[in-house]
Amino acid sequence: MTPLWGGRFTGANDPLMARFNASLPFDWQLWEADIAGSVAWAKAIARAGLLTEAERDQIVAGLEAVRGEIAPDPAAAFAAAADEDIHSYIERRLTERIGPVAGKLHTGRSRNDQVATDVRLWLKWQIRGQGPGVRDQASAFDLQPPTSNLQLLLFDLIRAAVHRAEAEIAVLMPGYTHVQPAQPVRWGHWLLSHAWAWQRDRERLTDLVKRLDVLPLGAGALAGCPFPIDRAALAADLGFAAVSPNSIDAVSDRDFVAEFLFWASLTGIHLSRWAEDLILWSSREFSYVTLADAYSTGSSLMPQKKNPDALELLRGKAGRLVGGLVGLLVTLKGLPSAYDKDLQEDKEPLFDAVETLSLALPVAQGALETLTIHPDRMAVALGDELLATDLADALVRAGVPFRQSHHLVGQAVRRAEALGCTLRDVPLADLQAISPHFTAEMAAVWDFERSVEQRAAAGGTARSAVQAQIARLRVLCE
Ligand code: ARG
C-alpha cells in the first residue's frame with residue numbers, strides 16, 4: 001500500500017514497522033467523521049478558489065459514493081484494508097473512484113488538523129447521539145460500533161433511580177458510615193444520593209462539550225493555512241461552535257480527550273460505588289436486595305451460587321476507565337509542541353471508554369429497574385442503637401448542650417451493655433440516675449419513621465425533603 005508520504009522515500013517500511021505504525025485497525029471508527037470533514041473541506045477550498053465548482057462536485061460526489069460503499073458493512077470494508085490510517089483509506093478509495101482530481105482535496109490540509117477534527121466530531125456524535133447510525137441498545141454487540149448517546153444513557157439511568165426512589169419512598173433502612181450502622185434513612189434517599197452523582201456527571205459532560213466543540217481544521221500541519229479559507233463558514237458547515245484560535249495549539253491539543261476520559265473515569269467510579277453498596281446488600285448476610293437473574297450469573301462449580309456479575313463488572317470497569325485516563329495523561333506529559341505521533345495513542349482509550357460506558361450505563365439501568373428489594377430485611381436490621389442520636393437530640397430539645405447530651409447518651413449505651421439489653425430497654429430510673437434530664441416522654445424517640453421525618457431540613461430524609469429532591473431531579477431531567 002503506497003503511503004500518503006512516499007515521495008522522499010526510496011525504501012518501503014519494514015512489515016513490522018508498518019504494523020506498528022498503522023492505526024486503521026482502530027481508527028476506522030472515524031470513517032464517517034473523516035468523510036464529513038473532507039466534504040466540508042472540499043467546499044471550503046472551492047470557496048477559496050482552489051477548486052472549480054465542477055471539481056468540488058466531483059470530489060463531494062466521490063466522497064458520498066465512498067460513504068455508500070462503506071456504510072452497509074464497515075467492519076467488512078476495513079477488514080482486508082492495509083492502509084496506514086483511515087485518512088489514507090478514504091483518500092485511496094476516492095482516488096480509485098474519481099481519478100487524479102482527488103489529489104486536490106488535501107490542498108492546505110494536513111492529517112494533523114484532519115485527525116484532530118475527526119476525533120472531535122466523532123466524540124460530539126457519541127455524546128449527543130447526533131451522528132449517523134445512532135446506537136439502539138439492542139445492537140450493542142454489533143461489530144460495527146454505531147453512534148452512542150452518552151447524555152441520553154445517563155439521563156435514562158437517573159430517571160430510573162428517581163422513579164424507584166418515589167415508588168419506594170416509604171421503605172426505611174439503616175444508613176451507614178464506615179460500613180457501620182449509623183442512622184435510619186429512606187431507601188429512596190440512598191438511591192438519590194447516587195442519582196445526584198450521576199446528575200453531576202451529566203453536567204460535566206455538557207460542560208466539556210464547550211471545549212470539544214472547537215474546529216481545528218484549517219490549522220494545517222502546525223502553521224496554519226496559506227490559502228484564504230473561511231474557517232467560520234467551515235465550522236458552520238461541520239456544526240462546530242468555534243474555530244481554534246492558534247494553529248499550533250489546534251494540532252497539539254488533546255485536552256478534550258483527557259477531559260472526556262476523566263469524565264468517563266469519574267462516571268465509572270460513581271457506577272462502581274453504587275454497585276459496591278448493592279453487592280454488599282445482595283449478600284446473604286444482608287439480603288436487602290436481590291439482583292434479577294437477567295443481571296446475575298452462576299458458578300460452574302457450586303450449583304447454589306448466584307453471583308452479582310453485572311454489579312461486579314460495573315465496579316471493575318472503573319479500573320479500566322481510569323487506566324485509559326492515566327495512560328493518556330502520561331502520553332501527553334512532556335510531549336513537544338504541535339503534532340507528534342505519540343498522539344495516535346489517544347484513540348484506543350477514547351474508543352474503549354465510549355464503548356465501555358455505552359454498555360455499562362444501560363446495564364446499570366437494567367440492573368436497577370429489575371432489582372427486588374426486601375424491606376422486611378431492612379426493617380430487621382434497624383437496631384435501636386441507630387436512634388441513639390435521636391435520644392441525644394431529645395435532650396438537646398430539653399435544653400441540654402449537645403456535647404453534654406452526647407456524653408449522657410454514651411453513658412446510657414454503656415448502661416445498656418452492662419444490663420445486657422438494648423438502649424430502648426434501659427429502665428427510666430437507670431437513665432435518670434445518669435441525668436435527671438431523661439424523661440418518660442423521651443420514649444417517643446424509639447420510632448424509625450419519626451427519626452427520618454425529623455430530618456425535614458433541605459437534603460434530609462423526611463418524606464417532604466426526599467420529594468423535594470425528586471422534584472428537582474425531575475426538572476433537571478426534563
Ligand atoms: N493516524 C494518525 C493519528 O492518529 C493520523 C495523523 C498522522 N499525522 C502525521 N503527521 N503522521 O494521529
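The first residue in the sequence is number 1, and the count goes up from there. For the numbers below, each heavy atom of this structure counts, side chains included, while hydrogens, waters and symmetry mates do not.
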Check: [Y] main-chain N/O paired with [X] side-chain donor or acceptor under 3.5 Å:
{"X": "R202", "Y": "A197", "result": "no"}
{"X": "E453", "Y": "R463", "result": "yes"}
{"X": "S283", "Y": "L280", "result": "yes"}

Tell me every residue that passes salt bridge (Lys or Arg N to Asp or Glu O under 4.0 Å) with [X], counting only those two or more places apart in sequence or in another chain.
{"X": "R273", "answer": "none"}
{"X": "R455", "answer": "D390, D393"}
{"X": "R19", "answer": "none"}
{"X": "E369", "answer": "none"}

Parallel, tilted or perpendicular: which fits the ring planes of W198 and W274, with parallel below 30° and perpendicular above 60°?
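W198 vs W274 ring planes: perpendicular.
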
Taking the inter-plane angle between the rings of H406 and F402 on a 0 to 90° scale, is it parallel (under 30°), tilted (30 to 60°) or perpendicular (over 60°)?
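H406 and F402: perpendicular rings.
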
Indicate every side-chain donor-acceptor pair of residues 322-333 with a distance under 3.5 Å to a residue at least two apart or in another chain.
from: T331; atom 1: OG1; to: G327; atom 2: O; distance (Å): 3.0

Looking at F286, I'd like to know if the NZ or CZ of R377 sits under 6.0 Å from its six-membered ring centre while staying within 45 degrees of the ring's axis.
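Pair R377/F286 does not count as cation-pi.
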
Taking side chain as C-beta onward, heavy atoms only, is K347 less than 4.5 Å from Q29?
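Side chain of K347 against side chain of Q29, heavy atoms only: no contact under 4.5 Å found.
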
Kindly list each side-chain donor-acceptor pair under 3.5 angstrom involving residues 213-223, sequence neighbours excluded, with atom names and distances?
from: D213; atom 1: OD1; to: K124; atom 2: NZ; distance (Å): 2.7
from: D213; atom 1: OD1; to: A241; atom 2: N; distance (Å): 3.3

